[in-house]
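For reference, the structure is listed below as C-alpha cells.
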Amino acid sequence: MSPWLSGLAGGVLIGIASSLLLWLNGRIAGISGIAYGVADRGWSVRGWRLAFLLGLLCAGGLAFHGMPHAEVREGFPRAWLIAAGLLVGIGTAMGSGCTSGHGVCGLARLSRRSLVAVGVFMATAFATVFAVRSLWGGLS
C-alpha cells in the first residue's frame, strides 16, 4: 500500500472513529482528555475510555505490522524524546485540548477556538522542525 493510500485510509478510520464516539457516546475524541479521564474518573466513565485507547493501540500495531513500507526511526536521544513528550503535555494543558480534539473534532464542528488552536499547533510544529533541522543540524 502506498504512503498516500495508507494515509487516506488512516484519515478515514480516524474520522469514522471520532464520528462514532460522538454519535454513540456524545463525547469528543480528544485523546488527551480521554487518557486523563482514565485516571481521574470512576469505572462507569473509565470503561469506554480504556476501550477507545486500547483500540488506538491495537490499530496502530496492526497498521505497523501490515504495512511493509513502515520503518522504525531509531537513534533519537532519549532525553529529547522525554522533553518532547513533556512539552506536548504542557501544550495540551495550555491549549485546553490536543490535536485530535481540536484538529479533528473541533474543526469539523467549525469551532473558532479550535481553528486558532490548530493554527498555533501548526506554526509551532513548523518552527520546531525548522529549528531542529536547520539550526541544530538534526537530532543525531
Side-chain angles (χ1 to χ4, degrees):
M1 182 181 296
S2 76
W4 287 98
L5 189 55
S6 62
L8 177 63
V12 168
L13 290 174
I14 290 170
I16 290 171
S18 60
S19 295
L20 286 174
L21 185 63
L22 182 60
W23 292 336
L24 299 175
N25 209 8
R27 303 290 183 160
I28 299 295
I31 307 308
S32 62
I34 292 172
Y36 177 76
V38 167
D40 189 48
R41 307 280 195 275
W43 178 251
S44 63
V45 193
R46 190 179 296 150
W48 72 265
R49 293 171 188 269
L50 285 172
F52 194 87
L53 294 173
L54 183 62
L56 285 175
L57 293 173
C58 290
L62 288 172
F64 177 75
H65 290 295
M67 295 181 200
H69 71 274
E71 296 178 21
V72 176
R73 291 184 57 190
E74 297 178 358
F76 292 107
R78 190 171 303 270
W80 280 97
L81 295 175
I82 292 169
L86 290 172
L87 287 172
V88 167
I90 291 168
T92 297
M94 289 175 63
S96 299
C98 58
T99 53
S100 57
H102 283 300
V104 175
C105 301
L107 292 180
R109 293 181 300 117
L110 303 176
S111 165
R112 278 188 259 195
R113 185 175 85 137
S114 291
L115 180 62
V116 170
V118 170
V120 171
F121 296 159
M122 296 303 292
T124 304
F126 295 152
T128 301
V129 169
F130 174 77
V132 169
R133 289 189 176 169
S134 300
L135 303 178
W136 294 328
L139 288 176
S140 38

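Here the structure is a predicted model, which is why all the values come from computation and not from measurement.
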| Does Arg27 reach the side chain of Phe52, with side-chain heavy atoms less than 4.5 Å apart? | no

| message | For Arg112, is the CZ atom crowded, meaning more than 12 foreign heavy atoms sit under 6.0 Å from it? | response | no

| Apart from Phe126 itself, which Ile, Leu, Val, Met, Phe, Trp or Tyr residues share its cluster (side-chain heavy atoms under 4.5 Å, direct or through members)? | Leu107, Leu115, Val118, Phe121, Met122

| task | State whether the side chain of Ser32 and the backbone N or O of Thr92 hold a donor-acceptor pair below 3.5 Å, judged by distance alone. | result | no

| query | Just by modelled atom types, is the Gly15 backbone N or O under 3.5 Å from a matching donor or acceptor in the Ser18 side chain? | reply | yes

| task | Say whether Leu86 and Tyr36 are linked into one hydrophobic cluster, either directly or through other cluster members, by side-chain heavy-atom distances under 4.5 angstrom. | result | no

| query | Transitively linked via ILVMFWY side-chain contacts under 4.5 Å: Ile14 with Leu20? | reply | no

| Taking ILVMFWY side chains as joined if any heavy atoms are under 4.5 angstrom apart, and letting links pass through other members, which residues group with Leu22? | Ile28

| message | Are Leu50 and Leu21 connected into the same hydrophobic cluster when the rule is that any two of I, L, V, M, F, W, Y join if their side-chain heavy atoms are below 4.5 Å apart? | response | yes

| query | Between atom CD1 of Ile82 and atom CG of Leu87, what is the distance when rounded to the nearest 0.5 Å? | reply | 12.0 Å

| message | Quick one: does any side-chain atom of Arg49 pair with a main-chain N or O of Gly33 as donor and acceptor, under 3.5 Å? | response | yes

Report, one line per pair, each donor and acceptor closer than 3.5 Å where one atom sits in a side chain of residues 56-64; sequence neighbours left out.
none

